Amino acid sequence: MVENFFLEDSETKIEAEPIDAGVLRILIKKDKDLEVEDRGIVRAEKIRSEDIERGEWSLEGSPENFSIVRGNSKLANFKDLQFSLPEWSEPEEERFDEWVSVKQEVKTESRIYGLGEKTGHLEKSDARYEMWNKDPGGFYTPKEDPIYMSIPFYILVASSEGSPKEFLGVYLDQTQKSKFDIKYKSGAENIGIAANSEYLLLYLILGDSVRGVVEKYTDLTGKPLFPPLWALGNQQCKWGKPKNEEEAYELAKEFRSRDIPCDVLYFDIQYMDNYKIFTWDRECFPDPEEMVKNLHDMDYKVVTIIDPGVKVEKGYEVFESGLENDVFLKDEEGEPFEGTLWPGLCGYPDFLRKNVREWWRDLHEDFLGYGIDGIWDDMNEPVIWFGKKEIKEIVNDLMEKVEKNEFHLSDLVEINELSGRTPEGIVHENDEGDKVSHEKVHNAYAFYETMSTYDAFDKFAPDKRPFVMSRSGFAGIQKYATTWTGDNSSNWDHMGLSIPIILNSGLSGLPFTGADIGGFHGEIEPELLTRWIQLGVFLPFYRNHSAVGTVDQEPWAFGEKFEKINRKYIKLRYKLLPYLYTLTHRAHEKGTPIARPLFMEFPDDEETYLIQDEFMLGSSILVAPVLEKSENKRHVYLPYENGEKIEWENWWSGEILESGHHLVDSPLDTLPLFLREDRGIPMTTSTHSTEEMPDKLILRGNLKDKITIPIYYDDGKSEKYKEGEYFYGEFIIQRDGEKAEISLNVENDGYEPFWEEIEIQLEREGKK
Ligand code: MIG
């Protein structure tokens with residue numbers, strides 16, 4: 001039987017509870033009798049095992065300075081516990097008045113990863129990070145913090161001479177504003193952790209590898225959803241396009257006539273009637289049901305955007321039923337809070353409450369009923385440009401200043417800065433009827449929203465695998481939604497930045513993430529678009545998207561020369577689908593990232609730990625995208641495995657390169673790509689969309705001795721895989737002198753695989 005154990009002094013108490021052999025829950029609280037509010041993020045009850053020996057773990061020291069010990073080894077050391085804003089923090093707004101903080105002592109040479117969707121480097125040291133979901137207002141700088149999403153989870157990799165590396169995950173299970181100082185202002189040997197709260201609730205996660213820690217973390221916060229196969233295809237989006245039904249068909253036809261595979265068309269806010277959610281602009285889209293049907297007939301899927309703000313308007317059905325069901329957030333006087341978003345003044349649903357989530361779920365009945373395939377939940381940080389009361393105050397204030405002749409231009413600058421800052425005095429109500437300030441719930445707003453959007457599929461499209469995409473999020477959102485990195489920019493820096501963000505998201509439980517390919521904000525150059533498409537092919541989620549008013553960036557936008565290369569790479573994406581799908585299924589089952597930092601696959605190779613311009617897709621392919629303009633040769637590092645040199649195969653030439661540094665050719669039509677020694681991937685030929693599966697399986701491998709190639713396959717669109725209707729097997733390719741022997745171990749044959757023919761590609765040394 002598990003028992004809790006604790007440390008205390010006259011004021012403070014630290015309670016520890018082993019959840020399973022590798023997970024310890026630690027609660028640090030000022031007031032001993034304090035009850036912690038459960039926000040429903042962690043599913044400890046799911047993994048809590050009964051036969052944990054408490055004897056393995058102990059707490060040593062005093063509440064101000066304590067260590068966590070297991071067996072004979074000290075796993076973590078925490079010190080300087082204080083119940084105030086720590087000295088390493090920036091000053092705070094008054095409303096965030098109560099703080100608790102602690103420092104985890106770490107070795108200066110230790111490395112820290114994760115922290116979800118954060119800008120900056122792959123390795124997170126030497127910086128501070130804030131967890132407060134925020135739309136940075138249309139675009140962000142490569143150092144912007146915070147941005148849309150908060151995942152208060154990091155992975156520490158510690159190494160000391162002569163002893164094996166240690167891996168530790170630390171998750172702060174609190175949705176309040178929090179802060180992390182990674183070996184920066186808190187000192188080179190510390191990680192500062194602070195929360196706007198009167199307690200700290202931490203989970204320590206042990207693993208013998210980065211992969212192990214991530215997988216455990218997703219035991220705790222939930223396994224990622226399994227997207228339908230089409231969501232791995234090419235997805236086309238642009239704000240403002242298609243602006244009407246005809247344009248949608250034109251776009252759909254254009255991909256086909258240009259022989260560029262495409263699976264999904266997105267409808268951004270232009271489809272709505274005056275930005276009223278769950279409506280259509282009937283002049284431009286007279287019969288959306290018919291349009292969706294027609295697009296389905298052309299083998300496209302349709303995803304529509306939904307914002308959280310419900311326009312305050314008499315007679316507007318969604319608003320009226322919202323009032324009737326009392327779903328909106330309130331102000332301190334208990335009146336519905338009103339704030340501005342695209343339609344003007346809006347009410348915001350209080351997703352914290354179950355009945356509100358059910359109300360939201362039910363709003364999807366029509367859309368899902370007539371076949372819409374995916375829902376894109378945007379602006380759910382939530383964005384509130386201004387509260388109604390704020391607007392009144394600002395206007396009065398300005399009027400007064402103008403009358404008194406005290407108006408300065410800087411007053412307008414100040415207003416601009418106020419825009420998008422979460423207004424004060426917003427109140428939620430929980431299922432028990434208690435009031436909860438928005439400050440405590442803010443970071444999880446999108447989490448609760450997507451929980452409900454996800455449920456809509458169960459109810460109104462039970463035959464479909466849910467597809468929900470969300471901009472904001474919190475730890476655990478992976479159960480309900482896929483995410484993207486928001487409003488990036490069309491420049492080379494942002495393309496490079498997308499790699500560390502996506503890799504760290506994967507290490508934080510979000511394996512299925514992408515950035516707007518081509519960049520959202522600003523005008524793209526042809527060469528950058530091509531390089532970005534090449535990169536996007538190897539990242540989990542592939543969507544081309546850009547802002548209204550920017551130059552078009554479809555794959556054909558810049559003429560034949562570029563289109564040809566773009567086509568080749570998008571087709572390569574489709575050829576890789578069996579591999580991508582197998583990886584995506586694994587991510588769903590285990591939480592294992594799809595795109596991986598090199599060190600995850602080559603933990604013994606010290607050089608890999610800071611590399612952020614290369615990554616592994618699964619464990620077989622190393623991707624070294626070109627991230628600089630006019631770079632016809634690229635420096636590439638090919639890792640060592642277990643301290644040994646291995647042989648990497650250049651994907652394009654078949655040439656064998658040994659572990660180490662190389663300069664490789666990278667003309668515009670070449671993204672440097674390498675197959676790892678004794679690894680392989682399942683591939684196929686390309687088709688126009690995932691609706692049509694080819695009948696050929698291609699096994700491509702870099703064979704030295706023996707390769708194992710797993711492959712997962714199912715209908716790609718339903719939930720039947722849960723009842724065993726899937727195929728899973730492993731091909732084994734074994735060298736036997738000059739020959740290779742191939743066998744297949746089928747583990748589950750609940751679904752007919754797509755191939756009728758298998759082609760084996762094992763050529764090396766340019767013999768392709
Ligand atoms: O205020 O719906 O990040 O992808 O195109 C901007 C319009 C609102 C922000 C999203 C972006 C989307 C845009 N939205």
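For the numbers below, each heavy atom of this structure counts, side chains included, while hydrogens, waters and symmetry mates do not. These numbers come from a predicted model, not from an experiment. For this chain, numbers begin at 1 and follow the sequence in order. For ligands, and for the atoms within them, numbers begin at 1 and follow the listed sequence.
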- Relative to the ring of Phe226, is the ring of His588 parallel (under 30°), tilted (30 to 60°) or perpendicular (over 60°)? parallel
- Which class fits the ring pair His521 and Phe139: parallel under 30°, tilted 30 to 60°, perpendicular over 60°? parallel
- Message: Within the structure, is a non-hydrogen atom of Trp376 found at a distance of less than 4.0 Å from ligand 1?
- Response: yes
- In ligand 1, which numbered atoms sit nearer than 4.0 Å to a non-hydrogen atom of Asp487? 3 (O), 4 (O), 9 (C), 10 (C), 11 (C)
- Do me a favour and list the nearest non-hydrogen protein atom to atom 4 (O) of ligand 1 with residue, atom name and distance? His545 NE2, 2.8 Å
- Please could you name the atoms of ligand 1 that Ile305 approaches to less than 4.0 Å, counting only its heavy atoms? 2 (O)
- May I have the step-by-step check of ring pair (Phe, Tyr, Trp, His ring centres under 6.0 Å) for Phe278 and Trp360, ending in yes or no? CA-CA 11 Å; Phe278 299 105; Trp360 180 259; 5.6 Å; yes
- Task: Please confirm whether Arg39 makes a cation-pi placement over Phe447, using NZ or CZ under 6.0 Å from the six-membered ring centre and within 45° of the ring normal.
- Result: no
- Query: Between Val548 and ligand 1, which residue portion shows a heavy-atom distance shorter than 4.0 Å: side chain, backbone, both, or neither?
  - Reply: neither
- Task: Before accepting this row, confirm whether a basic side-chain N of the pair Asp362/Lys459 lies closer than 4.0 Å to the acidic partner's carboxylate O.
- Result: yes
- Note on the structure: For Trp342, the ligand 1 atoms with a heavy-atom partner under 4.0 Å come out as 1 (O), 6 (C), 8 (C)
- Of all protein heavy atoms, the one nearest atom 5 (O) of ligand 1 is Asp268 OD2, 2.5 Å
- Item | Inter-residue atom distance Leu122.CG - Asn504.CG, 0.5 Å rounding | 5.0 Å
- Task: Pick out which of Leu418, Ile384, Ile391 makes a side chain to side chain contact (heavy atoms under 4.5 Å, CB included) with Pro423.
- Result: Ile384
- Item | Subset of ligand 1 atoms that lie under 4.0 Å from at least one heavy atom of Asp378 | 2 (O), 3 (O), 8 (C), 9 (C), 10 (C), 12 (C), 13 (C), 14 (N)
- Message: With respect to Trp484, determine whether any N or O atom, backbone or side chain, lies less than 3.5 Å from an N or O atom of ligand 1.
- Response: no
